[in-house]
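These values consider heavy atoms only, across backbone and side chains, with no hydrogens, waters or symmetry-generated copies. Note that the coordinates shown come from a computational prediction; the quantities given were computed from them, not determined experimentally. Position 1 is the first residue of the sequence; numbering continues from there.
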Amino acid sequence: MMHANNRQEPDSYTVHPLSAQHLQEKLTYLLQLSCFWLVLGSYIVPLCKQKISQALNPQ
């Protein structure tokens, strides 16, 4: 009986994990993650540098 249930799964599950679509989704996710950290870093790094320089050189 369990085999009958397994046969009803979509064909996409039988595709090799490193299929083109899977790879593209993974690359898209990594690209979005990289952009997120790039934007976050470009905001935080100057802010941190400013705070550190203020702490080292109080006016």
Got a sec, which hydrophobics cluster with Ile52, joining ILVMFWY side chains under 4.5 Å apart, including via others? Leu56
Distance from Ser19 atom OG to Glu25 atom CD, nearest 0.5 Å? 7.5 Å
Tell me which donor-acceptor pairs under 3.5 Å the side chains of residues 29-47 have, and how far apart each pair is, sequence neighbours excluded?
unit_1, atom_1, unit_2, atom_2, d
Ser34, OG, Leu30, O, 2.8
Ser42, OG, Leu38, O, 3.2
Ser42, OG, Val39, O, 2.8

